[in-house]
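We count residues from 1, following the sequence as given.
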Amino acid sequence: MEECNPTEIFTNLQCNSTMLYLKCFMVLNQSEKPFIAVLCFSIGGLCIIENSLVLYLIFSSSKLRKKPSYILLSSLALADTLATVTFVSSFLSFHVFNRTISSKEIYLLKLTGVNTSFTASLGSLFLMAFDRYICILRPSHYKQLVTRRRVVVALLVLWATVLFLSFLPLLGWNCCSLKSTCSQLFPFVANSYLSSWIVLVMVLLASIIYAYMHVLWKAHQHTANMKKHHLEESQQNPKRRIDIRLAKTLSIVLMVLVICWLPGLLLMAYSLFSITDNSVRVAFAFCITLCLVNSMVNPAIYALRSKELSSSLRRICSCLGKVLGNSESNQEAESS
C-alpha cells in the first residue's frame with residue numbers, strides 16, 4: 001500500500017482518489033485485527049441477544065408495553081440493537097477485512113446508519129432521564145404530564161431529528177462538497193460537521209447528568225427524611241421506593257455511558273486541533289468499540305434491577321423449562 005502522508009491526505013485528495021484515501025484510514029495491523037474481530041463478534045452477539053430479549057419482554061407483556069418508562073426502554077433497546085448491527089458490520093468490513101468502498105456516497109450512507117442508531121440511543125437516554133426528572137420533581141402530576149401518547153410523539157420527533165442530522169453529510173455537509181477541512185478520523189466527514197456533532201453529544205450528556213444528579217439528590221433527600229423521622233421501610237410509599245430504585249438504575253446506565261463514550265469523544269475533539277498520527281487513530285479504533293460495551297451493559301442492568309422485567313424473564317424461563325421437561329419425558333416414554 002502506498003504510504004499515506006498525514007499532511008496531504010486530509011485535503012481534497014479524497015474526492016479524486018477514493019481508494020487511496022480510504023486505505024489511509026485502515027490503520028490496524030495483522031496482530032490487532034483478530035483481537036478486535038473477536039471483541040466485536042463476542043460483544044456484538046451478546047448485545048443483540050440481550051437487547052432483543054428486552055424488546056421481547058416488553059412487547060410480550062400488555063402491561064409493560066403501555067407504561068411510558070418501558071416504551072422509552074424499548075426505544076433504547078431498539079437503538080442499541082441497530083447500532084450493534086450497523087457498527088459491527090461496517091467496522092469489521094472496513095478495518096478488519098479492508099474492503100474498499102467504490103464511492104464516498106456508499107461510505108457516508110453506512111456512516112449515517114451508525115450515527116443514527118448511536119445518537120438515537122443517547123437521545124433515548126436523554127428522554128429517560130427527563131422522564132425520571134419529572135417523576136421525582138412532580139410525582140403527583142407525573143401521570144398527567146407523562147402519558148403514553150406524549151412519549152410516543154417524543155420518540156417519533158427524536159428519531160426523525162436524529163435521522164435528519166445523520167443524513168446531513170450525505171446531503172452535502174461533507175468536505176468534498178464544501179471543499180473544507182476533512183476529519184482525520186472519519187473519511188469524507190467535514191471537521192465542521194464533526195465538531196457540531198460533538199457539541200450536540202456534549203449538550204445531551206450535560207443535560208442527562210444534570211437530570212440524574214437532581215434525581216439522585218432528591219432520592220438522597222427522601223432517604224434522609226425517612227431516617228430523620230425513624231420511619232420503617234414498610235411505611236414508605238411503595239411507588240416512591242420503585243421510582244428511587246429506577247433512578248439509581250438509570251444513574252448506573254449513565255455512568256457506564258460516560259465511561260464508554262468519553263475516550264472516543266476526547267480523541268474526536270483532539271483530532272480537530274492537532275494532526276493525529278497512526279497510533280492515535282489505532283487508539284480511536286479501539287475506543288469506539290467501547291460503545292458496544294455500553295449497548296451490552298444496558299439490558300443487563302435492566303434485567304438485574306427491574307423487578308418487572310426480571311419476573312417476566314423468570315416466567316418465560318419457567319415455561320421453557322416445563323416444555324423441555326415434557327419433551328424429555330415424552331422421549332423417555334417412547335423409548336420405554
Side-chain angles (χ1 to χ4, degrees), residues 38-89 91 113-114 116-132 135 151-152 155 158-159 162 204-205 208 211-212 215 242-262 264 288-320:
V38 172
L39 190 68
C40 287
F41 274 122
S42 57
I43 297 178
L46 187 58
C47 180
I48 292 174
I49 294 173
E50 289 179 341
N51 284 287
S52 299
L53 181 60
V54 170
L55 288 171
Y56 174 76
L57 291 176
I58 293 176
F59 286 100
S60 63
S61 171
S62 59
K63 181 181 178 182
L64 292 183
R65 65 171 177 259
K66 293 179 180 179
K67 290 187 175 183
S69 297
Y70 286 97
I71 295 175
L72 294 172
L73 288 180
S74 64
S75 174
L76 177 63
L78 176 62
D80 285 338
T81 302
L82 294 177
T84 302
V85 173
T86 55
F87 175 80
V88 171
S89 60
F91 186 85
V114 177
T116 298
S117 49
F118 274 123
T119 311
S121 175
L122 185 61
S124 298
L125 278 172
F126 168 75
L127 291 179
M128 289 163 62
F130 189 62
D131 169 71
R132 292 300 91 195
C135 182
V151 167
V152 171
L155 287 175
L158 167 68
W159 281 86
V162 166
L204 287 175
L205 284 176
I208 295 171
Y212 280 132
V215 165
I242 292 173
D243 292 336
I244 293 173
R245 189 183 304 114
L246 184 56
K248 292 180 179 179
T249 299
L250 298 180
S251 67
I252 296 175
V253 173
L254 173 63
M255 180 180 66
V256 173
L257 176 77
V258 172
I259 293 174
C260 292
W261 278 65
L262 190 59
I288 57 176
T289 59
L290 287 174
C291 296
L292 286 179
V293 177
N294 171 234
S295 298
M296 179 189 69
V297 169
N298 285 342
I301 295 174
Y302 307 147
L304 290 175
R305 299 184 66 87
S306 173
K307 287 188 176 181
E308 292 174 301
L309 283 180
S310 58
S311 62
S312 297
L313 180 60
R314 285 195 299 269
R315 185 166 58 251
I316 291 175
C317 292
S318 176
C319 294
L320 188 61

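Taking CG from L78 and OG from S52, the interatomic distance works out to 9.5 Å, rounded to the nearest 0.5 Å. In this structure, CD1 on I71 lies 12.5 Å from CE on M128, to the nearest 0.5 angstrom. We find the OG-CG distance between S124 and D131 to be 12.0 Å, quoted to the nearest 0.5 Å. One distance of note links CG of D80 with CG of N51; it measures 5.0 Å at 0.5 Å rounding. Between L82 atom CG and I48 atom CD1 the span is 9.5 Å, to the nearest 0.5 Å.
Among all heavy-atom pairs drawn from L55 and S74, the shortest one is CD2-O, 3.3 Å. C40 approaches V88 most closely through the heavy-atom pair O-CG2, 4.0 Å. The heavy-atom pair separating N294 from V256 by the smallest distance is ND2-CG1, 3.9 Å. Nearest heavy-atom pair across G113 and T86 is O-OG1, 3.9 Å. Contact detail for L158 and A120: the closest heavy-atom pair is CD2-O, 4.1 Å.
The shortest distance between side-chain heavy atoms of N298 and L76 falls below 4.5 Å. Residues L64 and L309 have side chains in contact (heavy-atom distance under 4.5 Å, counting atoms from C-beta outward). Residues L53 and L57 form a side-chain contact, since some pair of their non-hydrogen atoms from C-beta on lies under 4.5 Å apart. Considering only heavy atoms from C-beta on, L122 comes within 4.5 Å of L205 through its side chain. Proximity of E50 to V54: side-chain heavy atoms (C-beta onward) are nowhere separated by under 4.5 Å.
Screening residues 60-85 for ring pair (Phe, Tyr, Trp, His ring centres under 6.0 Å) gives no qualifying pairs among residues at least two apart or on separate chains. Note on residues 60-71: pairs passing salt bridge (charged side-chain N to carboxylate O under 4.0 Å, His left out), not counting sequence neighbours, are K67-E308.
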Practice item. Determine, step by step, whether T289 and I43 satisfy the side-chain contact (heavy atoms from CB on, under 4.5 Å) criterion, reporting the C-alpha distance in whole Å, the side-chain angles of both residues, the deciding distance to 0.1 Å, and the verdict. Key: CA-CA 9 Å; T289 59; I43 297 178; over 6 Å; no
Practice item. Assess whether side-chain contact (heavy atoms from CB on, under 4.5 Å) is satisfied between S69 and R132, documenting all intermediate values. Key: CA-CA 9 Å; S69 297; R132 292 300 91 195; 2.9 Å; yes
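When the side-chain hydrogen bond (donor to acceptor under 3.5 Å, both in side chains) test is applied to T116, the partners found at least two apart in sequence or on another chain are S166. In this structure, T84 has no side-chain hydrogen bond (donor to acceptor under 3.5 Å, both in side chains) partners at least two apart in sequence or on a different chain. For W159, the side-chain hydrogen bond (donor to acceptor under 3.5 Å, both in side chains) criterion is met by S75, not counting sequence neighbours. Listed by chain and residue number, F91, F118 satisfy the ring pair (Phe, Tyr, Trp, His ring centres under 6.0 Å) test with F87 (two or more places apart in sequence, or in another chain).
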